[in-house]
A.B. asks: 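Handing you a structure now.
Sequence lines set the chain letters: A, B, ... in the order given, protein chains first and strands last, and positions in each chain run from 1.
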There are 2 protein chains.
Amino acid sequence: MNLKQLSTLLGLSQTTVSRALNGYPEVSEATRQRVMQVADQHNYRPNTRAKALATGRAMAIGHVIPLSTQHEMMNPIFGDFIAGAGESYSTAGYDMVLSLVADEDQSRAYHDMAAKRNVDGIVLHAPKMQDARITLLQQIGLPFAVHGRATDIAGPYSWLDVNNTSAFQRATDFLLDLGHRRICLVNGQESMDFAFRRRRGYEAALQARDIAPDPALLFAGEMTEVYGYDTVRRTQLLEQPPTAYLVSSIIAAFGVRRAIEEAGLTMGRDISVITHDDDLSYLRNGADVPVFTATRSSVRHAGSRLAKLLISQIENPGAPPLTELLEAELTVGRSTGPAPNRI
Amino acid sequence: MNLKQLSTLLGLSQTTVSRALNGYPEVSEATRQRVMQVADQHNYRPNTRAKALATGRAMAIGHVIPLSTQHEMMNPIFGDFIAGAGESYSTAGYDMVLSLVADEDQSRAYHDMAAKRNVDGIVLHAPKMQDARITLLQQIGLPFAVHGRATDIAGPYSWLDVNNTSAFQRATDFLLDLGHRRICLVNGQESMDFAFRRRRGYEAALQARDIAPDPALLFAGEMTEVYGYDTVRRTQLLEQPPTAYLVSSIIAAFGVRRAIEEAGLTMGRDISVITHDDDLSYLRNGADVPVFTATRSSVRHAGSRLAKLLISQIENPGAPPLTELLEAELTVGRSTGPAPNRI
DNA sequence: ACAACAATTTAAAGCGCTTTGGAGATTTGC
DNA sequence: GCAAATCTCCAAAGCGCTTTAAATTGTTGT
């Protein structure tokens, strides 16, 4: 059923039917009702492609996901982020277009999306510190919003980020207050902007108490379970092993816990752990009592907010870029306790 | 840059330029070269919407993801599946359109996709045993392929599935061979078809040795870490606690391990565990030596294969439905050992 | 040199929708 | 009662591409 068929069926012109369905005032309420009803009856939906061509709006938003060898983006948070974004999209009537591309094809992917005009805007994931993609998109002129920020980028752009610095500063302070002095940072890859900011927060807290960060306690890597496990194994062999771990992801934190327990130690007593918790739907931080003390910030919520932010950007062209900074919440669980008195 | 501009630039008609770019034989090799070069120079890409309208092919494939309250689909495997599918799509030139909808809006979502004509085919996720969506899509007539199968559906359709029954039968056999008799099944939600098949495999193995399955050892639920943890806690309080756990997901298996270790027991010695392992990129089953004995089947690979299967379905209409059954591989790790001799 | 044929190229229609510029019909003001 | 204003509605153009049908050019055999 297309517009033509529907309009002959109704004995009206395509113009009138189109207007009736799209809520234009030039059509009488009576005919609008009639049109609506018959359209509904026949389950009419305007052909997206034709509509997009005619209006110049694709009603779709693109996500370019790099398929790097390290799968940096295809990580656990992806699903939840997409779920949040998808929620916002579908209530606003937008489709979500995913484009998974090899790392090296990324800039071409953005150019393509812009030239092919199959999306009205783009969400940029996992920004690095100076991210060429941002400058690229600024040039291309397609609306976009970044999940995260880039530290070294000139010119304004829309973004939504967690306050990583303050979250990790706060978490480090919490551990310091408990008497810990050797705190191991199990961070994400340093090229990622969020990881840089987290380290900065960690270092700021140490420096505020005149503690020099020990490079032997700084780790950066892809946040897998095995990475957390290995890091603990390795650091516990040090002459002065850390008494606390500050971990960038709950997945890695599971590995951290495994290593701790395998060593016959007890988390929260012998060794303290704080993790960042993206509040993933399938990896909740315990049920009633949180397992880990954590800096929590729902990535699903972030997805939902960022999508709305981008949509508003698209629908108000010319408006200045929008930004939103979410604060993580420190939830105290059973993984932290006073630093043990070493002899 | 659109076709019109490009063709006046070249001093050719739109027809010729279009044909040159799309590889039709009616254009001389010399002009084709020239067209290609200039198009490349100006970074020309045909407008997707116009092309889709003209050809009737959207060059996009839809995934409808139910956003149920339980987030059954928004689970860890989602990211990897999508990564695999996306790979296949992008090499074949297709876009991926995700539509996240509330559970109750699902059938409308399928109807909409069909009527709006913005996708050429649909991937159906997480089928239930009798899944109304399959019959719906059969009626609608849009090409589709199912990730998994439905047991109680008449009429053929395309699907790709892991041989869940044989995998779990094999795993159960393995445990039985080790002397375990009380094996607890920590399964996914029973409404899901895969969970049903896994239970069937488990029961078949028991019955083959004349062991009656104990209902107190059968669990079904959403496969979170906490679910695995709770199930072990609960079952270890039984008069005759199980000596082995057969788990449907590595996430739940992490919870199982946590409970075992928290109880002061050793996995692989006191209690054996086998898990199904979807070979997730960020949750590898250990590094060199697998942590868990597992029935492994890469969900990313499944995504990639299913996408290809659907594309071939789309490009050869009229061909009979395609199906593919993947066998899971049993990898022996350190989580299994002989059943302890209880007194 | 000219018909016959093949090789290139083009004009124009069409995909299904929105939207501009009017046209009829109806109401209003005096 | 009639011009002006207001409601409704419509024909047709246009979005950027593909594709059909036809025109143009080039090649060949005699």
Side-chain angles (χ1 to χ4, degrees), chain A residues 1-36 38-39 42-60 93 95 112-120 142 315, chain B residues 1-36 38-39 42-60 93 95 112-120 142 315:
Chain A
M1 169 70 56
N2 61 23
L3 187 60
K4 195 170 175 179
Q5 297 169 326
L6 181 63
S7 57
T8 57
L9 194 78
L10 279 157
L12 287 170
S13 74
Q14 297 192 34
T15 312
T16 306
V17 177
S18 169
R19 281 187 172 145
L21 293 172
N22 290 314
Y24 283 77
E26 297 95 334
V27 51
S28 76
E29 203 46 44
T31 45
R32 184 192 309 283
Q33 289 303 333
R34 195 163 68 90
V35 170
M36 298 278 249
V38 175
H42 291 75
N43 203 5
Y44 168 79
R45 293 279 180 290
N47 181 314
T48 316
R49 315 193 279 236
K51 186 162 184 165
L53 184 58
T55 57
R57 310 263 279 98
M59 292 310 282
D95 281 330
D112 277 13
M113 279 214 164
K116 286 165 59 186
R117 316 237 65 141
N118 63 336
V119 297
D120 300 318
L142 200 62
E315 298 185 345
Chain B
M1 169 70 57
N2 61 23
L3 186 61
K4 195 170 177 181
Q5 298 169 325
L6 182 63
S7 57
T8 57
L9 193 78
L10 280 156
L12 288 170
S13 74
Q14 298 191 35
T15 311
T16 307
V17 177
S18 169
R19 280 186 175 146
L21 292 171
N22 290 314
Y24 282 76
E26 299 94 334
V27 52
S28 77
E29 202 46 44
T31 45
R32 186 194 307 282
Q33 289 303 332
R34 197 163 66 91
V35 169
M36 297 278 247
V38 176
H42 292 75
N43 202 5
Y44 169 78
R45 294 278 180 294
N47 181 313
T48 317
R49 316 193 279 238
K51 186 163 184 163
L53 183 57
T55 57
R57 309 262 279 98
M59 292 309 282
D95 280 330
D112 277 12
M113 280 213 163
K116 286 165 59 187
R117 319 236 64 139
N118 62 336
V119 298
D120 299 319
L142 200 61
E315 297 184 347

A.B. asks: Rounded to the nearest angstrom, tell me the gap between atom CG in A:L3 and atom C1' in D:dA11.
C.D. replies: 14 Å

A.B. asks: Kindly say if B:Y44 contacts the phosphate of D:dG16, meaning a side-chain N or O under 4.0 Å from OP1 or OP2.
C.D. replies: no

A.B. asks: Any side-chain heavy-atom pair from A:E315 and A:R57 closer than 4.5 angstrom?
C.D. replies: yes

A.B. asks: How long is the line joining CG of B:N47 and C1' of C:dC15, in whole Å?
C.D. replies: 13 Å

A.B. asks: Write down the protein N/O and nucleotide N/O pairs, taken from nucleotides 6-10 of chain D, whose separation is under 3.5 Å; answer none if there are no such pairs.
C.D. replies:
residue : atom : partner : partner atom : Å
D:dC9   : OP2  : A:S28   : N            : 3.4
D:dC9   : OP2  : A:T31   : OG1          : 2.9
D:dC10  : OP2  : A:S13   : N            : 2.8
D:dC10  : OP2  : A:S13   : OG           : 3.2
D:dC10  : OP2  : A:T16   : OG1          : 2.9
D:dC10  : N4   : A:R19   : NH1          : 2.6

A.B. asks: Please tell me if A:N22 has a side-chain N or O lying less than 4.0 Å from either OP1 or OP2 of C:dT18.
C.D. replies: yes

A.B. asks: To the nearest Å, give me how far apart CG (B:L53) and P (D:dC15) are.
C.D. replies: 13 Å

A.B. asks: May I ask you to test the A:L142-A:R117 pair for a side-chain heavy-atom distance under 4.5 Å?
C.D. replies: yes

A.B. asks: What is the separation between atom CG on B:N2 and atom P on D:dG16, rounded to the nearest whole Å?
C.D. replies: 5 Å

A.B. asks: Provide, to the nearest angstrom, the distance between the CG atom belonging to B:N118 and the P atom belonging to C:dG16.
C.D. replies: 15 Å

A.B. asks: Once you round it to whole Å, what is the distance between P of C:dC17 and OH of A:Y24?
C.D. replies: 15 Å

A.B. asks: State, with a plain yes or no, whether a side-chain heavy atom of B:N43 is found less than 4.5 Å away from one of B:M1.
C.D. replies: no

A.B. asks: Measure CG/B:L21 against C1'/D:dT19 and give the value in whole Å, please.
C.D. replies: 15 Å

A.B. asks: Categorize B:T55 for me: base, sugar-phosphate, or nothing, with a 4.0 angstrom heavy-atom threshold over every strand shown.
C.D. replies: sugar-phosphate

A.B. asks: Is A:N118 close to B:M59 at the side-chain level, that is, under 4.5 Å between some pair of heavy atoms?
C.D. replies: no

A.B. asks: Tell me whether B:D120 contacts the main-chain N or O of B:A58 through its side chain, where contact means a donor paired with an acceptor under 3.5 Å.
C.D. replies: yes

A.B. asks: If we only count heavy atoms from C-beta on, is the A:K116 to B:N47 side-chain gap below 4.5 Å?
C.D. replies: no

A.B. asks: Hey, does B:L3 have a side-chain heavy atom less than 4.5 Å from the side chain of B:Y44?
C.D. replies: yes

A.B. asks: Establish, with yes or no, whether the OP1 or OP2 oxygen of C:dG16 is under 4.0 angstrom from a side-chain nitrogen or oxygen of A:K51.
C.D. replies: no

A.B. asks: I need the NZ-P distance between B:K116 and C:dG16, as an integer number of Å.
C.D. replies: 17 Å

